[in-house]
Amino acid sequence: MARFRGEQGGDTALSTEQHLAGPLSAAVANLCQRLQPQVSARTAAGFREVLRRLGAPLQVAVAGRIKSGKSTLVNALIGRRVAPTDVGECTRLVTRFQYGTVDRVELVFFDGTKQVLPFDVGGMIPKDLEVDFDKVSHLEAYLTNAVLQNFTVIDTPGLGSLDLASVKRTEQLLGAAAQQDDAADSDELDETSRNAVAGAEAVLYVVTQGVRADDQQALAAFTAATASREAGPVNAIAVLNKADTITPESVEGSDGDVWKAATMLAEKQASTLKPRVADVIPVIGLIAESAESGGFTSADADALRLLSGLDDATWETMLISADIFTSWECDVPTGTRLRLLETLDLYGIRRAVDALRAEPDLTAGALRRRLLDASGLAGVRTRLDAVFRARADGIKAAAALASVTALAHASGDPGERQRVHDAIEVLLAKPEAHQLRLLEALTLVTSGAVNMPDDLAEEVLRVGSTAEIGEQLGMKGRPHKELSAYALERAGWWRSFASFGATPAQSRVAHVIHRAYFLIWQQLKAQAAG
């Protein structure tokens with residue numbers, strides 16, 4: 001029976017089988033428990049924190065540049081407009097949104113003390129604090145929201161901010177600036193150990209149409225935000241936010257369609273950001289937030305219904321710009337039109353009016369669902385499920401092993417390091433732990449630690465970045481017999497490459513890929529027999 005700290009900070013006995021993501025996480029948890037009596041008190045304290053993290057939902061850091069719409073997207077994902085989007089003190093802090101039985105927000109100070117922060121009149125976290133801001137580390141928000149039972153969402157200040165204090169807070173909480181110190185042995189976590197286990201396990205990176213060449217470096221800045229593991233296609237995806245602001249004419253082949261242009265641009269950005277991310281998905285965060293969090297009301301639907309009755313010439317003129325939309329003479333009050341702009345922007349307003357013109361009897365609820373569909377949020381959630389939730393066990397186990405290794409290294413005791421290393425090697429030698437070997441091989445190749453020919457690197461990326469066999473083999477939709485034959489053929493090829501022609505580092509990766517193909521072949525064979 002593993003013990004983890006609950007949200008109130010006390011110790012709660014939880015069943016490992018019931019609360020861990022899967023068998024890999026359970027294996028790492030057992031390793032930590034076995035090693036605790038064999039390491040120093042400080043390292044053991046770190047292992048207890050690793051155990052607590054293993055029993056918690058997957059932690060996803062939402063990262064991106066300032067004004068990329070990160071907090072708006074966070075609200076959409078949570079389904080509640082709770083994260084402040086206007087610039088204020090709270091937007092300069094890291095905020096962790098996690099599941100709780102009672103809605104509350106806590107200020108966490110650098111000295112470890114906490115203070116409850118009341119929600120504002122709109123139910124949001126207030127953008128400004130009534131305390132000494134320089135003493136605040138971060139915010140912890142507990143919400144009775146089902147989404148947060150699967151993910152803890154970490155909203156971070158925008159990269160590129162001139163506020164160095166905010167950058168430092170982010171680095172400290174996410175582990176990006178782990179610093180060595182000379183703290184004496186104790187049963188409390190020192191700064192190095194705390195940073196070794198404090199990071200998020202996955203990254204959702206937000207870009208806009210103005211993606212910059214140094215976004216690769218910005219993504220690399222969040223390497224330690226993934227619990228000391230390199231962010232890559234297993235645990236990082238990107239979203240192209242504000243897709244409605246893209247000018248279709250700027251994207252060749254878009255045929256004047258905004259969403260088609262956004263999809264094409266996202267594909268282009270994916271080729272730029274890979275292999276740091278698994279994919280780039282277009283989304284309109286503002287519409288998603290309004291439609292999903294209750295920001296779109298029946299009164300808004302009524303106003304849009306009135307606008308749908310305007311003649312075409314007037315309507316097209318009003319849509320030329322936001323200024324014309326709000327100042328043109330019509331029966332909908334200017335204040336109402338300003339609210340529509342703040343809620344949907346011109347693109348969302350056009351989509352809503354088009355829907356009402358096509359189906360005048362649409363209810364407010366049905367119109368909200370149309371807007372939600374138009375936002376692209378469903379695509380983001382589907383990808384989150386495929387990349388993060390479906391692999392949560394492997395991601396969490398790999399992150400935990402990285403933390404265990406970092407803690408042993410930070411101890412400064414060669415004997416302790418060796419004991420931890422040997423225990424990890426025994427765990428990884430087990431057939432059921434092959435997924436961890438595959439994640440390790442993928443990380444080595446995508447980070448450049450092991451150089452592979454481009455075609456082989458692409459194959460490693462394909463095999464390690466998905467759990468769907470057809471996609472792993474690059475033969476999606478092909479007959480079962482072809483998949484099986486190809487898997488066996490590639491298993492043999494990689495085994496030969498490992499023995500003849502590969503460097504020692506390449507051979508290590510090749511053996512893992514050979515094993516992956518062989519296991520795929522075995523799985524296909526079992527499916528055929530069944």
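Since this is a predicted model, take the numbers as computed values, not measurements.
Within the structure, side chain to side chain donor-acceptor pair (under 3.5 Å) contacts touching residues 145-154 (residues at least two apart or in different chains) do not occur.
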Phe296 vs Leu367, side chain to side chain contact (heavy atoms under 4.5 Å, CB included): CA-CA, chis, key distance, verdict: CA-CA 10 Å; Phe296 181 75; Leu367 184 58; 3.8 Å; yes

Intermediate values then yes/no, side chain to side chain contact (heavy atoms under 4.5 Å, CB included), Val445 and Leu461: CA-CA 8 Å; Val445 172; Leu461 186 64; over 6 Å; no

Residues Arg339, Glu342; criterion salt bridge (Lys or Arg N to Asp or Glu O under 4.0 Å); working and verdict: CA-CA 5 Å; Arg339 172 179 161 74; Glu342 293 171 354; over 6 Å; no

Full working for side chain to side chain contact (heavy atoms under 4.5 Å, CB included) between Arg389 and Leu58: CA-CA 8 Å; Arg389 187 179 299 177; Leu58 187 72; over 6 Å; no

Verdict with reasoning, Leu107 to Leu139, per side chain to side chain contact (heavy atoms under 4.5 Å, CB included): CA-CA 5 Å; Leu107 287 166; Leu139 293 172; 3.1 Å; yes

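Residue Glu292 is tested with Arg369, Arg381, Arg81 for a salt bridge (Lys or Arg N to Asp or Glu O under 4.0 Å); the sole match is Arg381. The only option from Glu201, Arg96, Gln98 that meets the side-chain hydrogen bond (donor to acceptor under 3.5 Å, both in side chains) definition with Gln59 turns out to be Arg96.
Minimum heavy-atom separation, Ala266 to Leu240: N-CD2, 3.9 Å. Looking at every heavy atom in both residues, Asp244 comes nearest to Val258 through CA-CG1, 3.9 Å. Scanning both residues, Arg52 and Glu49, for their nearest heavy atoms gives NH2-OE2, 2.7 Å. Shortest non-hydrogen contact noted between Leu372 and Leu377 is CD1-CD2, 4.0 Å.
Rounded to the nearest 0.5 Å, atoms NZ (Lys268) and CG (Leu273) are 12.0 Å apart. Going from atom CG of Leu304 over to atom CZ of Arg350 covers 13.0 Å, rounded to the nearest 0.5 Å.
Counted by atom type alone, Ser68 and Asn241 present zero donor-acceptor pairs between their side chains at under 3.5 Å. For the residue pair Asp103/Thr144, the side-chain donor-acceptor check at 3.5 Å is satisfied. If you check the side chains of Thr72 and Asn75, you find no donor sitting under 3.5 Å from an acceptor.
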